[in-house]
**Q** 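Starting off with a structure, shown below.
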Amino acid sequence: MPTVKNWQLGRDMAYLYDAQFPSRQFAFVFNINRCIACQSCTMACKSTWTFSKGQEHMWWANVETKPYGGYPKWWDAKILEKLEEANPGGQVWGGKASDGRVGPYGTFEGQTIFEAAQRTLTPDSARVLGYLPTDEEWNSPNIYEDNPVGKRGVRNKLDETGEQLPVHNTWFFYLARICNHCSYPACLAACPRKAIYKRPEDGIVLLDQAECRGYRKCVEACPYKKSMYRGNTRTSEKCIACFPRVEGTDPETGGEPMETRCMSACIGQIRMQGLVKVAEDGSWAEDRQNPLYFLVHVAKVALPLYPQFGTQPNGYYIPPRWVARPYLRQMFGPGVDRAIENCANPSRELLAVLQLFRRSNRIIYRYEIQEGPKVYEGSLRGRKVELYNDTVIAFGKTGREIFRTTVEEPIHVRSNAHANSI
Ligand code: SF4
Ligand code: SF4
Ligand code: SF4
C-alpha cells in the first residue's frame, strides 16, 4: 500500500491510493456544549434528500445521545473493539503535541483501520477493517436518547448533591453527525468499482449511482457508518454535502456559497461549516482569519472525531465540558484537556469568533474583529475575567461583508403598550 501523511495522527500511514488533495476542503465545527438534540438538522436533511421509498432507514444527518446511543447501534464501540482485537493494548497515543499544523495531538502509535486490515484480514478483503451492521442495528436511529451514565435518580426527589464542574458523575451528551468527507475516505478505498470519488475543488466525497453495484463494501468500511445501502435500487447512498449549495449553483444561493441544509437549520447554533485551504502535504494551509482554521489550529478548541481510525475526518467538535475525560480522550484524542481548558477560559478573540455561529447561512471565508469597550470585570473559578463588547465581521467568498455582530447580544425592552404581546 502507498504511504500518505496524516497530520491528525502526526505520522505517515498506509492508504490504498497515493495522496491527492483538493485546493479547498469541506469542513465543519460542531460545538457539542450547545446541542439540544432538537433534531432540526436531522429533519432538514431527511426532508431534502432521503424522503423516498427505500430510504426509510437513511439518516445522513443524525444526533445520538452518548455514550449509549448510536446510529447504527454501537457503531463506534464495534469498530473500536475490532481495532483492539487486531492490536491488543496498542491503540495508544504518544509523543509530544506539536504547536504546528502537523501532529497537534502527538503521535498515534496504534493501528488505523487501513493498517489493521493488512494485519488481520484475508488478502481479497484486506483493504479496510470494518463490519456490516445488521438490519436490527439500522432500525432505531434515536435509541437511548437522554440516557445518562451514573446513579439512578429517585422519582419525585431532588438530587441531594447535584453536580459540579469540572466533571459530572452523571452525564450524557448529544453527538451530531454527518459524513466527514474524509481526506482518506475508507468508503472510497474499499469500493471495488471505483464508484466513490473526492472532488478536487472542495473535497466533497460523492458516490456515483451509475457505477455502484451495491456490493456494500463502503458500508462495511466506513468507520463512521455514513454510507448506507438502499434495497429497492440495490445501490449505496451517502451524504452529498448539499453540494449545489456549497457550490453556489442552487438557485437559493444567488451564486454565493451557502452552508448545507443541516448546518443552516441548526436551532442550537452549534454548527459552522466552511471550505478550508489545503497545503501540498494535505495539512491545512495557514489561513489565520478563517474561523475554522482559528478554532482548530489557533484556539485549538475543536477536535476531529475518532482521529485514530485514520481517515483524517473533516468534522471537528468542541468537546462537552462536563463529561468524563477518559471517554472524551478515546473519542477525540489527547487534545481534549487543552480544548476544554481553552474553551472554559476563552481568549478575547475566541469569545468573538464563537459569535459567528449561525448568524447567516453564507459560508464565511474570513473574519475581522473591531475592538469594543470593556463591559465586565470579575472573577470566575479563581481567575480574573474581563469581557469586551467587540464586533466581529464575517466576509464571504468575494470579500463582501456578510454580517457583523457583537459579543454582547443587544437587549430590547418592550414598551408598556406592548408588554404582553409577542
Ligand atoms: S465518513 Fe465514511 S462515508 Fe464519509 S467520507 Fe469518511 S469514510 Fe466515506
Ligand atoms: S450536508 Fe446536506 S446531505 Fe449531508 S447530512 Fe447535511 S443536509 Fe444531509
Ligand atoms: S439542529 Fe443543532 S441543536 Fe438541534 S439537534 Fe441538530 S445540531 Fe443539535
Side-chain angles (χ1 to χ4, degrees), residues 15-16 25-51 55 58-65 71 75-76 79 112-114 127-128 130 142 145 173-191 195-199 202-207 216-229 236-246 250 258-273 304-307 309-315 317-318 320 357-358 361 363:
Y15 185 63
L16 198 80
Q25 172 63 55
F26 174 95
F28 56 88
V29 169
F30 291 174
N31 184 354
I32 299 184
N33 296 276
R34 285 177 168 178
C35 179
I36 52 174
C38 62
Q39 306 283 2
S40 306
C41 49
T42 311
M43 295 317 296
C45 181
K46 188 82 186 149
S47 59
T48 310
W49 302 115
T50 62
F51 53 79
Q55 294 180 308
M58 283 195 185
W59 300 94
W60 294 352
N62 80 298
V63 182
E64 53 204 44
T65 299
Y71 188 68
W75 64 272
D76 49 351
I79 191 65
T112 67
I113 53 173
F114 308 110
R127 291 181 173 185
V128 186
N142 204 17
E145 185 170 54
F173 66 93
Y174 303 123
L175 185 71
R177 301 201 301 119
I178 68 167
C179 166
N180 293 293
H181 296 277
C182 306
S183 297
Y184 303 114
C187 54
L188 183 155
C191 179
I196 302 181
Y197 59 103
K198 191 165 172 67
R199 304 204 313 178
D202 51 23
I204 289 174
V205 176
L206 295 179
L207 196 162
R216 288 187 283 179
K217 285 290 176 190
C218 53
V219 182
E220 183 180 341
C222 171
Y224 303 97
K225 295 295 168 243
K226 281 295 176 191
S227 187
M228 298 167 197
Y229 181 68
S236 299
E237 295 179 8
K238 63 178 288 303
C239 157
I240 59 169
C242 294
F243 68 83
R245 288 168 69 98
V246 173
D250 182 310
M258 194 185 238
E259 291 195 8
T260 70
R261 288 279 291 130
C262 58
M263 309 290 167
S264 303
C266 178
I267 303 284
Q269 305 189 339
I270 86 152
R271 295 172 171 232
M272 189 194 296
Q273 179 234 310
L305 178 64
Y306 291 118
F309 294 165
T311 64
Q312 206 170 278
N314 290 299
Y317 292 80
I318 301 181
F357 283 73
R358 299 264 51 77
N361 55 17
I363 293 180

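Order of appearance sets the numbers: ligands from 1, and atoms from 1 within every ligand.
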**Q** What is the nearest protein non-hydrogen atom to atom 1 (S) of ligand 1, stated with its residue, atom name and distance?
**A**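 Minimum-distance protein heavy atom for atom 1 (S) of ligand 1 reads Asn180 N, 3.4 Å.
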
**Q** Give the residue and atom name of whichever protein heavy atom lies nearest to atom 7 (S) of ligand 3, and the separation in Å to one decimal.
**A** Arg271 NE, 3.3 Å

**Q** Please identify which atoms of ligand 3 are closer than 4.0 Å to at least one heavy atom of Gln39.
**A** 4 (Fe), 5 (S)

**Q** Which of these, Ser183, Cys182, Cys222, has its nearest heavy atom closest to atom 5 (S) of ligand 1?
**A**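 Result: the heavy atom closest to atom 5 (S) of ligand 1 is in Cys182.
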
**Q** Between the side chain of Asn314 and the main-chain N/O of His181, is any donor-acceptor distance below 3.5 Å?
**A** yes

**Q** Keeping Thr50 on the side-chain end and Met58 on the backbone end, is there a donor-acceptor pair under 3.5 Å?
**A**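 Yes, because the side chain of Thr50 sits within donor-acceptor range (under 3.5 Å) of the backbone of Met58.
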
**Q** May I ask you to establish whether Arg34 and Phe357 are in a cation-pi arrangement, using a distance under 6.0 Å from NZ or CZ to the six-membered ring centre and at most 45° from the ring axis?
**A** yes

**Q** Determine yes or no for a side-chain-to-main-chain donor-acceptor pair under 3.5 angstrom, with Lys238 supplying the side chain and Val205 the backbone.
**A** yes

**Q** What residue and atom, counting heavy atoms only, is the protein's closest point to atom 8 (Fe) of ligand 1, and at what distance?
**A** Cys187 SG, 2.3 Å

**Q** List ligand 3 atoms under 4.0 Å from Cys266, heavy atoms only on the residue side.
**A**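 Listed by number with element, the hits are 1 (S), 2 (Fe), 3 (S), 7 (S).
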
**Q** Which part of Val63 is near ligand 3, with near meaning a heavy atom under 4.0 Å away: side chain, backbone, both or neither?
**A**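 The answer is the side chain.
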
**Q** If you take the nearest heavy atom of each of Cys41, Ala176, Cys35, which one is closest to atom 6 (Fe) of ligand 3?
**A** Cys41

**Q** Test the Arg261-Trp60 pair against the cation-pi criterion, namely NZ or CZ under 6.0 angstrom from the six-membered ring centroid and within 45° of the ring axis.
**A** no

**Q** Taking only heavy atoms of Ser40 into account, list the atoms of ligand 3 that are under 4.0 Å away from them.
**A**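 Going through ligand 3 atom by atom, the ones under 4.0 Å from Ser40 are 1 (S).
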
**Q** Can you pull out the closest protein heavy atom to atom 3 (S) of ligand 3? Residue, atom name and distance to 0.1 Å, please.
**A** Gly268 N, 3.4 Å

**Q** Output the list of atoms in ligand 2 that are nearer than 4.0 Å to some heavy atom of Ala61, sorted by atom number.
**A** 5 (S)

**Q** Hey, does Ala241 sit under 4.0 Å from ligand 2 if you only count heavy atoms?
**A**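 Yes, Ala241 has a heavy atom closer than 4.0 Å to ligand 2.
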
**Q** Examine the side chains of Lys226 and Asn62 and answer whether a donor and an acceptor come within less than 3.5 Å of each other.
**A**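 Result is yes, a qualifying pair exists.
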
**Q** Can you see whether Asp76 engages Tyr306 through a side-chain donor-acceptor pair at a distance of less than 3.5 angstrom?
**A** yes

**Q** Would you mind checking which non-hydrogen protein atom is closest to atom 4 (Fe) of ligand 3, with the distance to 0.1 Å?
**A** Cys38 SG, 2.2 Å

**Q** Side chain, backbone, both or neither: which applies to Cys242 and ligand 2 if a contact is any heavy-atom pair less than 4.0 Å apart?
**A** both

**Q** Do Lys46 and Gln39 have a side chain donor and acceptor closer than 3.5 Å?
**A** no

**Q** Applying a 4.0 Å heavy-atom criterion (strictly less than), which segment of Lys225 is in contact with ligand 1: side chain, backbone, both, or neither?
**A** neither

**Q** Would you mind listing which atoms of ligand 3 come within a distance below 4.0 Å of any non-hydrogen atom of Ile267?
**A** 1 (S)

**Q** Could you check Arg271, Met258, Arg245 and say which one makes a side chain to side chain contact (heavy atoms under 4.5 Å, CB included) with Met263?
**A**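 Output: one option passes, namely Arg271.
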
**Q** Can you name the atoms of ligand 2, numbered from 1 with element, that are less than 4.0 Å from a heavy atom of Ile178?
**A**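 Under 4.0 Å from Ile178, ligand 2 has these atoms: 5 (S).
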
